[in-house]
Amino acid sequence: MAHILPPAMLGILGGGQLGRMFAMAARSMGYRVTVLDPDVQSPAGSVADRHIRAAYDDEGALEDLASGCAAVTTEFENVPADSLRFLESRTRVSPSSACVAIAQDRILEKRYIAGAGLAVAPFLAVDAPQDLAGDLAPLLPGILKTARFGYDGKGQVRVATPEDVHGAFEALGCRPCVLEKRLDLETEISVIVARTSAELVRTFPVAENRHEAGILDVSIVPARVTPDIAARACEMACALAEAMDYIGVLAVEFFVLEEGGLVINEIAPRPHNSGHYTLDACAVSQFGQQVRTLCGLPPADTRLLSPVVMVNLLGDIWRDDEPAWDLVLSEPAAVLHLYGKASARAGRKMGHFNVLAETVDAALEKAEALKRALRR
Ligand code: ADP
Ligand code: MG
């Protein structure tokens, strides 16, 4: 595959924080960037060379994007598959529409992962009430999750009895769902893979992820798991990328089970919140890898240069005023990243900071102290 080199124009569907960090990485390498996003105030639009303000299924806008860009990627999985296919017929697109289609639907995703011989939580695909007619006991207590458009714990209901499951299915609008067995988790980890071809694949170091109210709160790197678990997670992530013939950056979330097993929870066909630590703790960030894989270039060295803890900044800490950024900016070990979003809402991802230290314990201690201070 020919390399796409600066100052080529690269396109991205979606103008949120992931698109913004892609645009910043691309521009720092000398590429130019066009963002397609309907939002006038999109975080990526304000740092891109060009912002096409249109819907993701606007054919004229997609034509414009394809004709102006040497390659196009996406920052979110809920792009209409038809839009990606349309772009694919006109320019280079990665990840492929086929890969995005798998990642955007929990039923396809779980079937695909299991079909590749990799472990997932026991589950049942639920398209209609009659799918719930059998014995549900082996999957209870469980979680009913909508097959599409779920994120940050949205579109999920915890269920303990078959009656709960029926009620939850109705409450979720009788949309296609998966009923998943609730597993006892030791911890959660994730692996970001960058893959240009079968020969050119690299994983970033494993991140240990803590959630609060269904939203990622903190990522700790290196993850405090055994070397065996870390190695297996990287192998499974690579095996999945290989099975999908995935080109681009793929995020793989795992459950580490109390009994010692490792199962894949879900995947994202793009950089991931749990990979934001790479911005400051690795020679190349996950966004730099997204640019490189999109351009047919080999992924760069992913070595961890320092233990690091990433803390998400949600809209909750905005009161009448901006949070006291002085607290973070006065700390030499911390690096602040804000996404330039106009309005803060509870649960909205507004930014994050990374704390680097000699040890992961020291980084965690400093990160927790800053987090507490900001919440005051
Ligand atoms: P989202 O798309 O919202 O990230 P996930 O499927 O990753 O959805 O679920 C969000 C969180 O809920 C997980 O990170 C985990 O903490 C918890 N969770 C989800 N499924 C299970 C499960 N089967 N067993 C135990 N915990 C789960
Ligand atoms: Mg998740």
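Start at 1 with the first residue, then count along the sequence. When a ligand or atom number is given, it counts from 1 through the structure's own listing order.
Below 4.0 Å from some heavy atom of Asp152 lie the following atoms of ligand 1, by number and element: 1 (P), 3 (O). Residue Glu253 approaches ligand 1 through these ligand atoms, each under 4.0 Å from one of its heavy atoms: 7 (O). Close approach to Tyr151 involves these atoms of ligand 1, each under 4.0 Å from a residue heavy atom: 2 (O), 3 (O). Every atom of ligand 1 with a heavy atom of Ile143 under 4.0 Å away is listed here by number and element: 18 (N), 19 (C), 20 (N), 21 (C), 22 (C), 27 (C). Taking a cut-off of under 4.0 Å to the non-hydrogen atoms of Gly150, the atoms of ligand 1 that pass are 2 (O). Near Glu180, with a cut-off below 4.0 Å to any heavy atom, the atoms of ligand 1 are 20 (N), 21 (C), 22 (C), 23 (N).
The N, O or S atom of Glu253 lying closest to the Mg ion (ligand 2) is OE1. Within Glu266, OE2 is the N, O or S atom that lies nearest to the Mg ion (ligand 2).
The proximity of Arg106 to ligand 1, defined as any non-hydrogen pair under 4.0 Å, is limited to the side chain. No part of Asn209 comes within 4.0 Å of ligand 1, judged by heavy-atom distances.
A centroid separation of 6.0 Å or more is found between the aromatic rings of Tyr277 and His352. Two rings, from Phe22 and Tyr31, have their centers 6.0 Å or more apart. Aromatic ring centroids of Phe287 and His276 lie under 6.0 Å apart.
Taking the ring centre of Phe86 as origin, the terminal cationic atom of Arg90 falls inside the region bounded by 6.0 Å and 45° from the ring axis. Seen from the ring of Tyr339, Lys341 does not count as a face-on cation partner, given the 6.0 Å and 45° thresholds.
Few gaps surround CD on Gln130; more than 12 heavy atoms of other groups in view lie less than 6.0 Å from it. Atom CD of Glu365 is surrounded by 12 or fewer heavy atoms from other residues, nucleotides or ligands within 6.0 Å. At most 12 heavy atoms of other shown residues, nucleotides or ligands fall within 6.0 angstrom of atom CD in Gln41.
For atom 8 (O) of ligand 1, the nearest protein heavy atom (residue, atom name, distance) is Gln156 NE2, 2.8 Å. Of the protein's non-hydrogen atoms, the one nearest atom 1 (P) of ligand 1 is Glu266 OE2, 3.3 Å. Scanning all protein heavy atoms for the shortest distance to atom 16 (O) of ligand 1 gives Glu188 OE2, 2.5 Å. When hydrogens are left out, the protein atom nearest atom 26 (N) of ligand 1 is Leu185 CD1, 3.7 Å; that is the closest non-hydrogen contact. Of the protein's non-hydrogen atoms, the one nearest atom 6 (O) of ligand 1 is Lys145 NZ, 2.6 Å.
At a threshold of 4.5 Å between non-hydrogen side-chain atoms, the residues Ile220 and Arg210 count as touching.
Any N or O atom pair closer than 3.5 Å counts here, and Leu183 shares at least one such pair with ligand 1. Residue Arg158 has no nitrogen or oxygen atom sitting less than 3.5 Å from a nitrogen or oxygen atom of ligand 1, judged on distance alone.
Summarising the geometry, atom CD belonging to Glu59 is positioned 12.5 Å from atom CG belonging to Asp64; distances are rounded to the nearest 0.5 Å. From Thr203, atom OG1 reaches atom CE of Met236 across 13.5 Å, with rounding to the nearest 0.5 Å.
Checking atom 21 (C) of ligand 1 against the protein gives a heavy-atom contact under 4.0 Å. Distance check on atom 11 (C) of ligand 1: every protein heavy atom falls at or beyond the 4.0 Å cut-off.
Counted by atom type alone, Ser190 and Ser274 present one or more donor-acceptor pairs between their side chains at under 3.5 Å.
Contact between Gly153 and ligand 1 is present, with at least one heavy atom of the residue lying under 4.0 Å from the ligand.
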